[in-house]
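The structure appears below as structure tokens.
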There are 2 protein chains.
Amino acid sequence: MEEKFIPDIVVGRLPVYLRALQQMARDGRTVTSSQELGERLGISAAQIRKDLSQFGEFGKQGTGYQIDYLVEQLRDILNVKQVWEVAVVGAGDIGNALARYQGFANRGFVVKMILDNNPELIGTAVGDFVVEDSASLVEKIRSAGIKVAMLAVPADQAQEVADKLIEANVGAILNYAPISLNVPNSIQVQYIDPVIHLQRMTYYLEQA
Amino acid sequence: MEEKFIPDIVVGRLPVYLRALQQMARDGRTVTSSQELGERLGISAAQIRKDLSQFGEFGKQGTGYQIDYLVEQLRDILNVKQVWEVAVVGAGDIGNALARYQGFANRGFVVKMILDNNPELIGTAVGDFVVEDSASLVEKIRSAGIKVAMLAVPADQAQEVADKLIEANVGAILNYAPISLNVPNSIQVQYIDPVIHLQRMTYYLEQA
DNA sequence: TAGATTGTTAATCGATTAACAATC
DNA sequence: TAGATTGTTAATCGATTAACAATC
């Protein structure tokens, strides 16, 4: 199997294309063009065509792209034709919101368990789940074969939990704790910290 | 006042530097170097020095950077020496988590109000707030002088609420709805959609 | 002083865009 | 056919890195 190197910045745009295309499909659209998609996303048409061309030829000259077909191609490329089971670690407000989030449906992910180390929370219900004890996190996640985790514990516990997730054979961590994690290169990490995004915007705002 | 152009990609890294430096300060550290900070963040030392040098000379040869001083400089650059009042629109699980989030403290933001259009939620308590009716969103946000909003409504309502926020003179929107917004260039928008991050990671994972 | 580390320059590397032949 | 739009090439643009004089 030949493995062509794809820049990570290109990979990062594919989910955005996919989301917009699925939206178009829901709106009853069947065909689109790089120009239309680009206008919608604030990205140049050339960049979209270049990005897609890294993976194959998905369009037709003169016509554009069949939305359903391109959606399936992108789902295949991003490995989200399968549904990934996800563990949520931390049953505070963020963990709660993630365990109950309806937005994972049909996008490749399903929450499978939620864990916490707080005795007051263990055993309580969160959405369709019962909070499990994170003391046995490694065994539970490993034996369930879960490869994706969302980390929603306090910052001062995030690194140690991340270490346990890696021990449990998790390959991807979405970290909501406001701290940079130290992980091996083989582990995928993404960060969500609202303050980082807010500060990036206030740079451009006039001071009050 | 001279305005030097700073690439947005540089601006985007500054909050990450700031977060790590504040962490170091909390750990009792007083001095650091571009090398140490870079190792911590997985960024090259040269890049950190280059980024900082866009704004001034904050270090000392042979010594490095005084953490407290650099923190204050970055807070100044990012306009977070002032505290920005934030409106949360949408009182579902995500809005709830945002209204109650402790992580805004000392990082430049304070939630001031939470709004929703659901009669069942209006008037109920969320953290220290009472959910307000978003029917009068424009007047409430404008008269409060709020410039920053977090958008946590369903995707199919996000664009219309965004339009109202802009009408209310908001300059920055952090959008949790899984949809690309159409806004004027003068409005800052950032996106948080966990699925986008998850799909970016599954690209690199072995299929089950 | 000797060692360490900055700020900056120049070189390298990578990403984006413009343009167009191919073709539906 | 005429018009539209792709996939791709080459040119441009921008970001990162390596290296080092300056200096604490």
Side-chain angles (χ1 to χ4, degrees), chain A residues 2-18 20-21 24 29-74 77 185 200 203, chain B residues 2-18 20-21 24 29-74 77 185 200 203:
Chain A
E2 51 180 322
E3 285 292 338
K4 184 164 167 287
F5 173 74
I6 310 287
D8 181 62
I9 197 164
V10 173
V11 175
R13 281 190 293 260
L14 299 184
V16 179
Y17 300 163
L18 176 56
L21 290 162
M24 287 180 180
R29 305 285 315 286
T30 60
V31 175
T32 190
S33 65
S34 59
Q35 186 179 356
E36 185 191 40
L37 189 57
E39 278 171 14
R40 195 154 166 149
L41 298 175
I43 291 178
S44 80
Q47 178 157 87
I48 290 172
R49 292 201 304 277
K50 189 102 210 285
D51 286 352
L52 295 177
S53 75
Q54 305 260 16
F55 301 94
E57 307 191 355
F58 305 128
K60 268 206 182 68
Q61 287 102 322
T63 313
Y65 301 90
Q66 290 288 327
I67 292 173
D68 284 350
Y69 177 72
L70 187 50
V71 162
E72 289 312 302
Q73 294 298 317
L74 286 172
I77 292 165
N185 273 340
R200 184 177 189 157
Y203 172 83
Chain B
E2 51 178 323
E3 285 291 338
K4 184 164 169 286
F5 173 73
I6 308 289
D8 182 62
I9 197 163
V10 173
V11 175
R13 282 190 293 261
L14 299 184
V16 179
Y17 300 164
L18 176 56
L21 289 162
M24 286 180 180
R29 306 285 316 284
T30 60
V31 175
T32 190
S33 65
S34 58
Q35 187 180 355
E36 184 191 41
L37 189 57
E39 279 171 14
R40 197 155 166 148
L41 298 175
I43 292 177
S44 79
Q47 179 158 88
I48 290 172
R49 293 200 302 277
K50 190 102 210 285
D51 285 352
L52 296 177
S53 75
Q54 306 259 18
F55 301 95
E57 307 192 356
F58 305 128
K60 268 208 182 67
Q61 287 102 322
T63 312
Y65 301 90
Q66 289 289 329
I67 292 172
D68 284 350
Y69 176 72
L70 187 52
V71 162
E72 288 313 302
Q73 294 297 316
L74 287 172
I77 292 166
N185 274 340
R200 184 177 189 156
Y203 171 83

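Because only heavy atoms are used, hydrogens play no part in the values below, and waters and symmetry mates are left out as well, while side chains stay in. Numbered from 1 within each chain, the chains take letters A, B, ... in sequence-line order.
Closest approach to the A/P7 side chain among C/dA15, D/dT8, C/dT8 is made by C/dA15 (side chain taken as heavy atoms from C-beta onward).
Between the CD1 atom of B/I9 and the P atom of C/dT16 there is a distance of 9 Å, given to the nearest Å. Atom P of nucleotide C/dG7 and atom CD of B/Q73 are separated by 11 Å, given to the nearest angstrom. With rounding to whole Å, B/I67 atom CD1 is found 13 Å from C/dT5 atom P. Distance B/I48 CD1 to C/dT5 C1': 13 Å, rounded to the nearest Å. Separating the CG atom of B/D51 from the P atom of D/dT16 is a distance of 7 Å, rounded to the nearest angstrom. Look at CG on A/L52: it is 15 Å from C1' on C/dT16, rounded to the nearest Å. Nucleotide D/dT16 holds its C1' atom 16 Å from the CG atom of A/D8, rounded to whole Å. Distance A/F55 CZ to D/dT6 P: 17 Å, rounded to the nearest Å.
Shortest non-hydrogen contact noted between A/A20 and A/L37 is CB-CD1, 3.8 Å. Smallest separation of non-hydrogen atoms from B/L52 and B/F58: O-CE1, 3.6 Å.
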Could you write nucleotides 17-24 of chain C as a row of B, S and -, 5' to 3', where a protein heavy atom under 4.0 Å of any base atom gives B, of only sugar-phosphate atoms gives S, and otherwise -?
BBB--BBB

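Every pair passing side chain to side chain donor-acceptor pair (under 3.5 Å) that includes a residue from residues 53-64 of chain A is listed here, sequence neighbours excluded: A/K4-A/Q54.
A distance of 11.0 Å separates CG in A/L14 from CD1 in A/I48, rounded to the nearest 0.5 Å. The distance from the CG atom of B/L21 to the CZ atom of B/R40 is 8.5 Å, given to the nearest 0.5 Å.
Using a 4.5 Å cut-off on side-chain heavy atoms (C-beta onward), B/I6 and B/F55 make contact. Put simply, the side chain of A/R200 reaches to within 4.5 Å of the side chain of B/D8, judged on heavy atoms. Taking 4.5 Å as the limit, every side-chain heavy atom of A/V10 sits out of range of all side-chain heavy atoms of A/K50.
Under 4.0 angstrom from either OP1 or OP2 of D/dG7 there lies at least one side-chain N or O belonging to A/Y65.
For the segment residues 30-42 of chain A, residues with any heavy atom less than 4.0 angstrom from an atom of DNA chain D are, sorted by number, A/S33, A/S34.
Exactly one of B/V31, B/V71, B/T32 qualifies for a side-chain contact (heavy atoms from CB on, under 4.5 Å) with B/Q66. That residue is B/V31.
DNA chain D contains the following stems of three or more consecutive Watson-Crick or G-U pairs, with both distances under 3.5 Å: C:3-24 with D:3-24.
Annotation: salt bridge (Lys or Arg N to Asp or Glu O under 4.0 Å) contacts of A/R49 (sequence neighbours excluded): none. Not counting sequence neighbours, the partners of A/E72 by the salt bridge (Lys or Arg N to Asp or Glu O under 4.0 Å) test are A/R75, A/K81.
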